[in-house]
There are 2 protein chains.
Amino acid sequence: MAEDVKDFYSREDKMYVATDCIIFGFDEAKIKLLIFKRRVEPLKGQWSLIGSFVRIDEDVDSAAQRVLMEITGLENVFMEELKTYGSANRDPGYRCVSIGQYALIRINDYDRELVEKHGAHWYDLEDVPDLVLDHGQMVNDALERLKRKARFQPIGFELLPEKFTLPQLQKLYEAIYQTKLDARNFRKKVLSHNVLEKLDEKDKTSSRRGAFLYKFDHKNYRRLLKSGFNFEI
Amino acid sequence: MAEDVKDFYSREDKMYVATDCIIFGFDEAKIKLLIFKRRVEPLKGQWSLIGSFVRIDEDVDSAAQRVLMEITGLENVFMEELKTYGSANRDPGYRCVSIGQYALIRINDYDRELVEKHGAHWYDLEDVPDLVLDHGQMVNDALERLKRKARFQPIGFELLPEKFTLPQLQKLYEAIYQTKLDARNFRKKVLSHNVLEKLDEKDKTSSRRGAFLYKFDHKNYRRLLKSGFNFEI
DNA sequence: GTTAATAAATGTAATTTATACATTAATTTC
DNA sequence: GAAATTAATGTATAAATTACATTTATTAAC
């Protein structure tokens, strides 16, 4: 802090800090985004990421968890800071710095009543309407991050149910990378990491034969991480 | 923004936004960090990252560039957001959210007079004294980022002079990764990317034979980036 | 109960990439 | 011209990635 704090903020002007969540879900074949209608002027009623001001006695992280909880009823969700959006003029109403955070949620787990009550909606990525302020940019940035990150860390699993099939997992990666993958090579690679536990159960919703269900083995993953392991698909 | 702004900040309490720069340099064989003595209470006079409050009409990015300019005289330097430090109690003086940004500079380019005037000092990484608040954590985080990032993007070059030798470049990567590299494999790999231009000049400061100087070919790099290229060492 | 339909599961050979490793070359100083 | 010093270079082996086609398990329809 290079200067005395008295030089700033001694006017009526106030600096606000907000957080906005880019909430991704995955439904069979498509990545989806949860948005709602902004509840404060200016631009009230327009589509917006789900966010909030950070309270004076609240950690920035906690603020993001709080809004996620308020709107979806979910806690203990994968959420990670994306970046700060800090242009002086990004919000016509206030001087507001927003910390973007992206979350990956299991799309069947959220509290439908709560979501409905808050007027929130899931949109397929390609159908997302225009968002207020720089929120469109936030979504683009978050997607980029998701793509990059998914290559080296098994965050994709955060978007799937506890139990999932390999074809499901492959479809998820195909959606993230926007490309077709070869089933044999894909299976070889994910299984080679030894972090998937094959169950004795099949999911028959999408084929007659049924596909075996797997669980992600967090314990083994953590063990491997410590010994310098690098997850890559 | 999920709630009305009136709910917050209507008290005497104010939210401050600051930015702190983790400034790295590289000198022959070691990575160095530029720090100075904090000029505001509390903890005035203790070693601190170089930072400032963000002005009410100033972009967060611009604030970081401003302090870097004030202390080193440098502009157009590689600087990138690291992450937000947002615990409610991270600073005993104020409620202050700080955006960490790390910068890579050519250690011979900075303005020595300015740096001296501000009481700033370069420290070898292993000799950095304790820093105020969470600044030590910021340095650790920035180093992690540098390591990860250097694998896939040629940011290492930002730490070297315009013209550099391959042994210099190798020493830099050895310092970043904290490991010895094989000269033959290293050269093969960096040269394979076709983004280094060999000059007809030698640097003889560190050997009798002298080592050829190279320049980073930014134009070719951008061209390759567009066609899906991925720099990796 | 046989057949048709459907998605799941599997192996191998060829190519590319990464690794390990030791000698010669250029130059200066004595 | 000999000694000292760092720069520069190639090859064989191992590992990882890619491309590619058939069989299997199950249900629904007849």
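Hydrogens, waters and symmetry mates play no part in the numbers below; they use all other heavy atoms, side chains included. By convention in this document, chain letters (A, B, ...) are assigned in the order of the sequence lines, proteins followed by strands, and residues within each chain are numbered from 1.
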Ordered by number, residues from residues 196-212 of chain B within less than 4.0 Å of DNA chain D (heavy atoms) are S206(B), S207(B), R208(B), R209(B), G210(B), A211(B), F212(B)

Here the distance between atom P of dT24(D) and atom CG of L166(A), to the nearest Å, is 20 Å

Protein-proximity profile, nucleotides 10-20 of chain D, B/S/- by nucleotide at the 4.0 Å heavy-atom cutoff, equals BB-----SBBB

Whole-Å distance, N230(B) CG to dT17(C) C1', equals 14 Å

Other residues, nucleotides, ligands: >12 heavy atoms within 6.0 Å of E126(A) CD
yes

note: L191(A), atom CG; dA9(C), atom P; distance rounded to Å ~ 10 Å

* Other residues, nucleotides, ligands: >12 heavy atoms within 6.0 Å of N230(A) CG -> yes

Under the 6.0 Å and 45° cation-pi test, does R112(A) pair with Y110(A)? yes

Of Y221(A), Y214(A), F216(A), the one forming a ring-ring contact (aromatic ring centres under 6.0 Å, His included) with F157(A) is F216(A)

CZ of F164(B) to NZ of K215(B), rounded to nearest 0.5 Å, is 10.5 Å

Is the shortest side-chain N to carboxylate O distance from K117(B) to E113(B) below 4.0 Å? no

Here the distance between atom P of dA8(C) and atom OH of Y214(A), to the nearest Å, is 12 Å

To the nearest angstrom, the CD-P distance between Q168(A) and dA7(C) comes to 15 Å

Sorted by number, residues from residues 171-178 of chain A placing a heavy atom under 4.0 Å from DNA chain D are none

- Query: Just checking, any donor-acceptor pair under 3.5 angstrom between side chains of Q137(B) and D141(B)?
  - Reply: yes

In whole angstroms, the gap separating C1' of dA7(C) from CZ of R187(A) amounts to 11 Å

Between E144(B) and R148(B) (salt bridge meaning N to carboxylate O under 4.0 Å), is one present in this structure? no

What one should report as the nearest heavy-atom pair of V97(B) and R90(B) is C-NH1, 4.3 Å

Using a strict cut-off of less than 4.0 Å between a Lys/Arg side-chain nitrogen and an Asp/Glu carboxylate oxygen, indicate whether R151(A) and E232(A) qualify as a salt bridge. yes

Is it true that D203(B) and T165(B) share a donor-acceptor pair across their side chains at a distance under 3.5 Å? no

Rounded to whole Å, the CG-P distance (L181(B) to dA20(C)) equals 11 Å

